[in-house]
Amino acid sequence: MLALPEPKADILARRDEIVAGLRAILPASGVITEPLRLKPYETDGLPAYRQIPLAVALPETTEQVAAVLKLCHSIGVRVIPRGAGTSLSGGATPLADAVVLGLMRMNRILEIDYADRCATVQAGVTNIGITQAVAGNGFFYAPDPSSQLACMIGGNVGMNSGGAHCLKYGVTANNLLGLTAVTIEGDILHLGGNHLDAAGYDWLGLITGSEGMLVVVTEVMVRILRGPEGARAMLAAFRSNEIAGQCVDAIIGSGIIPVALEFMDRPAIHACEAFAHAGYPLDAEAMLIIEVEGSVAEQDDLLDRIKRLCEPFEPLSMRVSQSPEESLAIWKGRKGAFGAVGRISPDYMCMDGTIPTSRLPEVLRRIGEMSDQYGLKVANIFHAGDGNLHPLVMFDANDPDSFHRAEAFGADILKLCVEVGGCLTGEHGVGLEKRDLMRFQFSEPELERQRRLKDAFDPAWLLNPAKVFPLQDKPRQAA
Amino acid sequence: MSAPATEAALAEAIADAYAAKEPVLVQGAGTKHGMLRPVQAARSLSTRNLSGITLYAPKELVISARAGTPITEIKAALAEHGQHLTAEPPDLSDLLGVPGNQTLGGIVATNLSGPRRIVAGAMRDQILGIRAVDGTGEIFHSGGRVLKNVTGLDLCKLLSGSHGTLGIMTEITLKILPAPEQTGTLVIPGLDATAAVATLSAALGSPYGVSGAAWLPPDAAARIPELAGFNASVALMRIEEFAASVTYRTARLAQDLQPHGRAELLGDTISRSVWRSVRDVTPLTVEPGEAVWRVSVRPSAGPGILAATGLRGFLDWGGGLVWLVGDPASHPAVTAAATAAKGIWTLMHAPDSLRASADVIPPEPPVLAAIGRRVKAVMDPAGILNPGRMAAGA
Amino acid sequence: MQTSFTAEQLRDPDIQSSNKILRTCVHCGMCTATCPTFVLLGDELDSPRGRIYLMQDMLESGRPATAEVVTHIDRCLSCLSCMTTCPSGVNYMHLIDHGRRYVEETYTRPWHERLLRNTLVRVLPSPSRMRWALTAARLAKPFRALLPGGVFGSRLRAMLDLAPTHLPPRQVVNGVHRADGTRRGRVALLAGCAQQVLAPSINAATIRLLTRLGYDVVVPPSAGCCGALTHHMGQHDPAMAAARTNIAAWSAEMAGEGLDAILINTSGCGTTVKDYGFMFRDEPEQAQAAQISALAADISQFLSRIGYAPTRDPAGLTVAYHAACSLQHGQSVTAEPKTLLRKAGFTVVEPAEGHLCCGSAGTYNLLQPEIAGRLRERKLDNIRRTTPDLIAAGNIGCLTQLAGAGLPTIHTVELLDWMAGGPRPAALPA
């Protein structure tokens, strides 16, 4: 079980003063302090880890965020930034002596500029909210994490979120133009703008994916792209994980980059089908969702090529979506995959390692062996084009032994990812969950370098501490 | 100039300089030596002997090479498998007047990207992993060799475009993609800059995946042999796809753009050559004593930069990238125009008198500058790596 | 998610059911995004996930509900948008129903709140009391400005605002309405309570259309309110009593001449009737209740099933279809009403944010007028952007909530009846 730092007694003792300070900045409904009302804020999308925070602050403007941070900095209070609370790595897990800074009320679209193809939105706008705001003009915001319905753009910046379509369109970092962010001292920074690239250091690049440890993002300027003429998905079902993996290689090797290339194993297919009723092939061991874009003729052409590439692998079935509704259902299953596992297991832990795609069959085989060894079921969902693997380890949180086995199983999977040349996290972030595994990917001096870069932004380690880096022997974090 | 052949030797050389507290000029092939500010250093070091491709997995879309590997070598290896460098990095040796074979490390350290930047991301967006040596001689890595990785702070981005001031990259892993089967270009001649940017904007707002959008005034167009025959300014729009798609999409786009003007189609070979010229900024010639600026603004502000400065130039990135050449005395006018448009500017090349005395990139606001100093202190505590390259005293 | 009910607590069938629901939730947070109160208020506590957490804590602790918890449970519209969104299949409806009942059983509301709720519970399900109250409200309208401020006053004002200035004459629909021509089948119609008073034309249109299509329509005189209004206020016993009466009435019909379907043209009621099977899971009427839930259908489902066809030329009108939450989320009926309206020759447009509630939500617009008002405005803004000629919906609550904004609000079945030979809906300007 991961340890959270001991709350600072001196901060807990100054609770009333902190709350009074927050109340002076925010309207009454924007400060939550009663224990009962704080409880739902004790966790995020990783409910295995919980801690009730000292208070919750819900600002509505960048200036209020700055004032809250200034207050917390002056007293030495830790701050946990939070968006929709959908983090699967515990990125928003609170601390008992921390103020949770919720940006959910900052949910306004500020500006849309079609001529220059960019939009400025507040951090609490949902990922899909951006696309919905510009869809009427045929545009979209490209990164599409599975939680895009709920997750907020500020959190996407914090975790550098990806999605099913990032093989073609890139992840959050590749689609950002600018940020308004606030330092722990309460200074407001404007980084980037509606132009491309930086002339000096790439602060935008460093802050993206910094998991709320460097600054608090309040406004985001993103690139919006004109959508293709159309898109269509097909399903291909295979007799084994190995064969499906070989088929992925054949497609990529042919020079075709499908806009999305998703892999699901048997347990995942069954869980998702129960939710989405998309006609997934229940007889298959593995399934690919392959999506192409373009005009109808271009789609036909690409799908024909892909079908020809699949055929040597003797697919059990290949089905091309015949309508936008069918494509939607196919994606509904995939995007609801994590939650859908809630239908077959009371709890799950979603891993997020990336592996070299050629190692997929081997990795899945070894995960299967571990599953037997730990006595826990696992469903695998895989962004096959980019090697990002999501094993969903199923367990029963009411059974402490089951939970501990799940933790160990998950850690073993991630160590395996690193061992085969991959990494601990492809798009969910290290958060709390993978913090102690960082040693398997970085040497101690490398970790220390990253810690010192955090020092450069937040010397007192007040912003989202206790995440990303192993706690042991690091008084800065744990103190 | 020392040119270590191994990472360990390079680290040792830096550790030695760190111990001696002696500044080091760091470069690859030196082709961008004239960019930004001149570096005064007792020692100099090149990565050119750290050369060679260390990993190439075409089906996994990754390639790793040592920092001193010439770009041409990487391109040739990729071409054998029908792949290419997505960000289309330019070769500015003609423009900057330093012939040579630029290195992978050099193009990443300067984060220069070509016309495809607008759809495929910048050079920095392709970096999956790096190994590097910091200003004390310590070796570190960031990222890895997989396409998606958010593990820990992203030092790949921090070092991209840092001009060797935060660390010396020794090995770089890039994401690569299949090269398109064919390239086609629509040309609409005779538009002024404002009308052209409106046209480019319409093209980029179309569903046809335009991967290059530039405008050259008549004098610049005349310097590209394939375009000289237009005897006019040209708005260029590129589509890169499978052959059938290029045919289909250029036709549809030409039709959609009719209100903007009549478009002519350039075929594959000519297109590739024209876009190489745009990429390498060959439509501009630099006379001795002249300066070169690169301004990045929102695309609709591009024409205003040309007009406000009155310099020779052209527009890429749909109007958002403005290349300017002319009298160094125009520096305040360029920086003022770019700042007024809320954009950024880089003095790419200038006589040493200007390079040494003026800001070559926009100064950062105090809060950010203070963070920058602290970051620099983490990466290069003695301040020995390319001192003064990006800003005086930094 | 983890739960910590004791073995003893789990002997209570309601706790058992809620435990199962809580265990299904994986806390992914998808539900927050489509929850109207979270979208408006931006607080986890006013999201389904937050309320699930609060209810879990309340039920596990076994302590009486507190004012804080009640505030957030009361703000829930029970629109069930979260259930449409939830990938895990969490039955939020049963959980919040349990939570509301627990609140009513363990929490003492302030006197004015009790007065208001008791009045609503007595008035709304009874057509005769409802007529009387609406007449009184109409007479009181001129004195609106004299009402006190605060929660109490604002709720009274909300009631006066919602009360129509003109009440249609009483129409009795009880009894059997025989099919025109050859009889194809026999159905029961839930005549409803509030709807009968506010818009008797809906039942009239339903009966005309069904008899024209060859169905006997039975409205058993003893059947009445479905129990939804009280059920959603946590008033378990009156809700069960109302439902029990209906179960008896319809069971008698099923045992007699038989029923092909039990039709509901107020989707709020439909959701509840379809849930009778669950509500009576531990009651003697269990089998009949389950049978009734299985037979229950929204009028649009039934018309799609038997084949509706218009007889008039298209009216050339653009209809903004407003999907009532109880229909789209509560019953997952989404395509049928739109398909039928298109078949009837209307141009159907779907406003943005169609998944968000209009604020009606049973008695919600009376109990939470501020949030309901904001949702109404948001809904109307989205509807106006589609520049329709009228708004169609399958639920009287929504029709009342969205009325008075310059656009006619008409029940789907009235439009379908019109195009199939019935009279032009009175609400439609000539």
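What you are looking at is a predicted structure, and each value in this text was computed from that prediction instead of being measured.
Residues satisfying the side-chain hydrogen bond (donor to acceptor under 3.5 Å, both in side chains) test with H383(A), not counting sequence neighbours, are E262(A), H390(A), E427(A). Take R226(A) and apply the salt bridge (charged side-chain N to carboxylate O under 4.0 Å, His left out) test, not counting sequence neighbours, and it matches no residue.
At a 4.5 Å heavy-atom cutoff, the contact between T183(A) and chain B is made by side-chain atoms alone. Interface residue L196(A): backbone and side-chain heavy atoms are both found under 4.5 Å from chain B. With a threshold of 4.5 angstrom between heavy atoms, I251(A) does not approach chain B through any atom at all. Only the backbone of A198(A) has a heavy atom closer than 4.5 Å to any heavy atom of chain B. For a residue to count as touching a neighbouring chain, one of its non-hydrogen atoms must lie under 4.5 Å from one of that chain's; by this rule H141(B) touches chain A with backbone and side chain alike. Neither the backbone nor the side chain of L225(A) comes within contact range of chain B, judged by heavy atoms closer than 4.5 Å. L204(B) touches chain A through backbone and side chain together, each having a heavy atom under 4.5 Å away. The part of L302(A) that comes within reach of chain B is its side chain, from C-beta onward, which places non-hydrogen atoms under 4.5 angstrom from that chain. Within the 4.5 angstrom heavy-atom criterion, atoms from both the backbone and the side chain of S296(B) approach chain A. For a residue to count as touching a neighbouring chain, one of its non-hydrogen atoms must lie under 4.5 Å from one of that chain's; by this rule D187(A) touches chain B with the side chain only. Residue contact with chain A, scored on non-hydrogen atoms closer than 4.5 Å, involves the side chain of E364(B) exclusively. Only the side chain of N388(A) comes within contact range of chain B, with at least one heavy atom under 4.5 Å from a heavy atom of that chain. For chain B, the nearby part of I257(A) is the side chain; its heavy atoms alone come within less than 4.5 Å. With a 4.5 Å cut-off on non-hydrogen atoms, A377(B) touches chain A through its backbone but not through its side chain. In this structure, no portion of Y169(A) lies under 4.5 Å from any heavy atom of chain B. Looking at M159(A), only its backbone comes within 4.5 Å of chain B, counting heavy atoms on both sides.
For the pair K434(A)/T151(B), no side-chain contact is recorded, criterion being any heavy-atom separation below 4.5 Å from C-beta on. Counting heavy atoms from C-beta outward, L147(B) and T357(A) have side chains that stay 4.5 Å or more apart. A heavy-atom distance below 4.5 Å is not found between the side chains of D154(B) and T208(A). Between C118(A) and R298(B), every side-chain heavy-atom pair lies at or beyond the 4.5 Å cut-off. Two residues are said to be in side-chain contact when any heavy atoms from C-beta on lie closer than 4.5 Å; R449(A) and L155(B) meet this criterion. Using a 4.5 Å cut-off on side-chain heavy atoms (C-beta onward), F242(B) and E298(A) make no contact.
Of all heavy-atom pairs between P207(B) and G227(A), the closest is CB-O, 3.2 Å. Nearest approach of Y201(A) to S162(B), heavy atoms of both residues: CE2-CB, 3.6 Å. Across every non-hydrogen atom of V146(B) and G422(A), the tightest pair is CG1-CA, 3.8 Å. Nearest heavy-atom pair, A199(A) versus I344(B), reported as atom, atom and distance to 0.1 Å: N-CD1, 3.5 Å. Taking both residues in full, the closest heavy atoms of V150(B) and G429(A) are given as CG2-N, 3.5 Å, listed atom of the first, atom of the second, then distance. Heavy-atom minimum distance, G152(B) versus V430(A): N-CG2, 3.8 Å.
In this structure, CG on N149(B) lies 6.0 Å from OG1 on T354(A), to the nearest 0.5 angstrom. Between the OG atom of S201(B) and the CZ atom of R117(A) there is a distance of 4.5 Å, given to the nearest 0.5 Å. One distance of note links CG of D301(A) with OH of Y248(B); it measures 12.5 Å at 0.5 Å rounding. With rounding to the nearest 0.5 Å, the separation of CE in M379(B) from CG in L453(A) is 6.0 Å. Note that OG of S300(B) is 7.5 Å distant from CG of N194(A), once rounded to the nearest 0.5 Å. Atom-to-atom distance recorded for H195(A):NE2 and L321(B):CG is 12.0 Å, nearest 0.5 angstrom.
Looking only at heavy-atom pairs under 4.5 Å with chain A, the residue among L158(B), I361(B), V197(B), I371(B) that has the most is I371(B). In terms of heavy-atom pairs under 4.5 Å with chain B, the best-connected choice from G192(A), G253(A), P356(A) is P356(A). With chain A as partner, the option from V360(B), L61(B), L36(B) having the largest number of non-hydrogen pairs under 4.5 angstrom is L61(B). Comparing M390(B), R374(B), R117(B) by heavy-atom pairs within less than 4.5 Å of chain A, the highest count is held by R117(B). Note: T425(A) leads I252(A), N174(A), T425(A) in heavy-atom pairs under 4.5 Å with chain B. Annotation: maximal heavy-atom pairing with chain A below 4.5 Å, among K157(B), K148(B), K59(B), occurs at K148(B). Note on G205(A), G426(A), A173(A): by heavy-atom pairs under 4.5 Å with chain B, the leading option is G426(A). Per-residue counts of heavy-atom pairs under 4.5 Å with chain A were compared for P365(B), P362(B), S206(B); the largest is that of S206(B). Chain B forms the most heavy-atom pairs under 4.5 Å with one residue out of S295(A), G385(A), G353(A), and that residue is S295(A). Options V119(B), V62(B), I118(B) differ in how many heavy-atom pairs under 4.5 Å they form with chain A, and the most are formed by I118(B).
For NZ of K415(A), the number of neighbouring non-hydrogen atoms (other residues, nucleotides, ligands) closer than 6.0 Å is greater than 12.
Taking the charged nitrogens against the carboxylate oxygens, R124(B) and D202(A) do have a contact shorter than 4.0 Å, which makes a salt bridge.
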For this session: Check step by step if side-chain contact (heavy atoms from CB on, under 4.5 Å) holds for S358(A) and E60(B).
Result: CA-CA 7 Å; S358(A) 61; E60(B) 296 180 21; 2.4 Å; yes

